[in-house]
Amino acid sequence: MKLVILAGGLGTRIAEESETKPKPMVEIGGRPLLWHIMKTYAHHGVTEFIICLGYKGYVIKEFFMNYQRHLSDIEINLKDGSHRILGSQSEDWKVTLIDTGENTMTGGRLKRVAPYLGDETFCMTYGDGLSDVDLTAEFALHRQSGRLATVAAVQPPGRFGVLAIDDRSNEVSSFQEKPSDEIGWINGGFFVLEPKAIDYVAGDATSFEQEPLANLASDGQLTAFRHNGFWHPCDTLRDKRELEKLWASGRAPWRCWN
């Protein structure tokens with residue numbers, strides 16, 4: 001099974017980082033978000049990746065072009081410039097990097113890489129979210145459902161405190177973060193798709209989260225895989241700091257690999 005990673009967006013809410021790199025290249029623990037996502041999928045047996053490039057896509061290309069060298073011992077002949085890899089610790093992955101346009105929407109990016117997917121079931125996710133979702137169980141649910149699309153449904157933690165205020169005195173009688181079960185289930189990414197799902201995308205201007213998902217749902221072709229565990233986007237510096245803290249603790253929930 002192949003994984004399509006949407007990695008071409010601007011990341012305007014984390015501009016402090018994305019001025020010099022695409023958001024999936026924001027580092028957690030010294031490695032890009034993109035790497036963490038790929039390690040998660042590889043743990044579940046997915047080792048072929050198609051990365052949809054856009055904004056500053058050359059940064060991602062350079063990362064993977066130099067990836068093996070950075071993780072290896074190298075012997076270099078300075079006279080003629082030749083070199084030899086002495087020992088590599090890089091992963092056994094196949095990575096395809098496709099420029100899908102700087103302004104192309106998510107659905108359009110998927111449609112542009114369709115020629116590289118073949119006729120088999122594939123995965124798709126965003127390049128800026130980490131999770132401990134049980135992908136193996138999601139794959140099984142997708143096969144069992146017989147539908148064209150499956151999405152990981154998540155309940156994000158509340159970001160805002162809820163105040164209980166007395167109407168007369170304006171006294172705050174209680175304060176609590178909004179419970180996740182009051183927010184409801186949202187699109188958490190981590191899709192499993194059949195090739196025919198791409199037919200729901202009109203073109204470059206199509207956002208996958210709008211007409212395609214809405215029409216898949218109305219046609220009875222969308223399954224939800226309910227994930228009650230860890231899920232965290234990296235949209236802001238606050239998000240990055242929280243993820244860095246988890247990684248530094250040695251107990252990052254999404255780290256399922258050895």
Side-chain angles (χ1 to χ4, degrees), residues 1-71 88-102 104-106 109-110 112-113 116-117 122-133 135 152 187-193 208 230-237 239-244 246-248 252-257:
M1 195 181 295
K2 297 176 182 177
L3 168 65
V4 174
I5 305 178
L6 302 171
L10 292 175
T12 54
R13 286 188 289 173
I14 193 168
E16 299 88 344
E17 291 273 349
S18 61
E19 284 184 359
T20 59
K21 66 186 78 168
K23 189 162 65 163
M25 293 302 291
V26 171
E27 292 187 355
I28 304 298
R31 295 293 181 93
L33 287 164
L34 197 57
W35 177 86
H36 290 270
I37 294 166
M38 294 165 78
K39 289 289 282 188
T40 298
Y41 272 90
H43 177 74
H44 291 272
V46 178
T47 57
E48 289 192 49
F49 305 97
I50 299 172
I51 303 177
C52 301
L53 307 179
Y55 173 71
K56 295 189 181 298
Y58 64 88
V59 176
I60 297 177
K61 286 183 179 179
E62 289 175 356
F63 174 77
F64 284 108
M65 287 297 293
N66 293 307
Y67 188 76
Q68 186 187 39
R69 293 187 179 95
H70 289 169
L71 294 179
S88 176
Q89 300 178 25
S90 59
E91 292 83 354
D92 185 15
W93 296 347
K94 179 180 177 182
V95 181
T96 304
L97 305 168
I98 304 297
D99 184 356
T100 54
E102 193 159 313
T104 307
M105 301 301 285
T106 51
R109 295 188 191 282
L110 173 59
R112 286 204 186 194
V113 301
Y116 304 93
L117 291 170
F122 65 95
C123 306
M124 182 178 78
T125 198
Y126 306 107
D128 59 358
L130 301 177
S131 177
D132 63 353
V133 60
L135 294 168
N187 164 20
F190 298 94
F191 298 94
V192 187
L193 303 169
F208 191 73
F230 177 83
W231 178 88
H232 205 303
C234 189
D235 291 329
T236 65
L237 275 180
D239 292 328
K240 173 179 162 60
R241 293 189 189 106
E242 290 179 359
L243 292 170
E244 284 275 23
L246 286 169
W247 184 262
W254 68 90
R255 181 167 185 166
C256 53
W257 61 91

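Start at 1 with the first residue, then count along the sequence. Because the structure is a prediction, the values reported are computed rather than measured.
Of the possible donor and acceptor atoms, one in the side chain of R109 sits under 3.5 Å from a partner among the backbone N and O of G101. Under a 3.5 Å cut-off, the side chain of W254 and the backbone N or O of H36 do not form any donor-acceptor pair. H232 contributes no side-chain N or O that, together with a main-chain N or O of L243, makes up a donor-acceptor pair within less than 3.5 Å. Within the 3.5 Å criterion, the main-chain N or O of V95 finds no donor-acceptor partner in the side chain of E48. K61 places no side-chain N or O within donor-acceptor distance of the main-chain N or O of L53, the cut-off being under 3.5 Å. Looking only at distances, a side-chain donor or acceptor of S131 sits under 3.5 Å from a matching main-chain atom of F230.
Once rounded to the nearest 0.5 Å, the distance linking CG of L193 with CE of M1 reads 10.0 Å.
Classification of E27 and K21 as a salt-bridged pair fails, no side-chain N sitting under 4.0 Å from a carboxylate O. Between R112 and D99 no salt bridge is recorded (no basic side-chain N to carboxylate O distance below 4.0 Å).
A distance of 6.0 Å or more separates the ring centres of F49 and Y41.
Counting only heavy atoms from C-beta outward, the side chains of F64 and L34 approach each other to under 4.5 Å.
The shortest heavy-atom contact between G188 and W231 is O-NE1, 3.0 Å.
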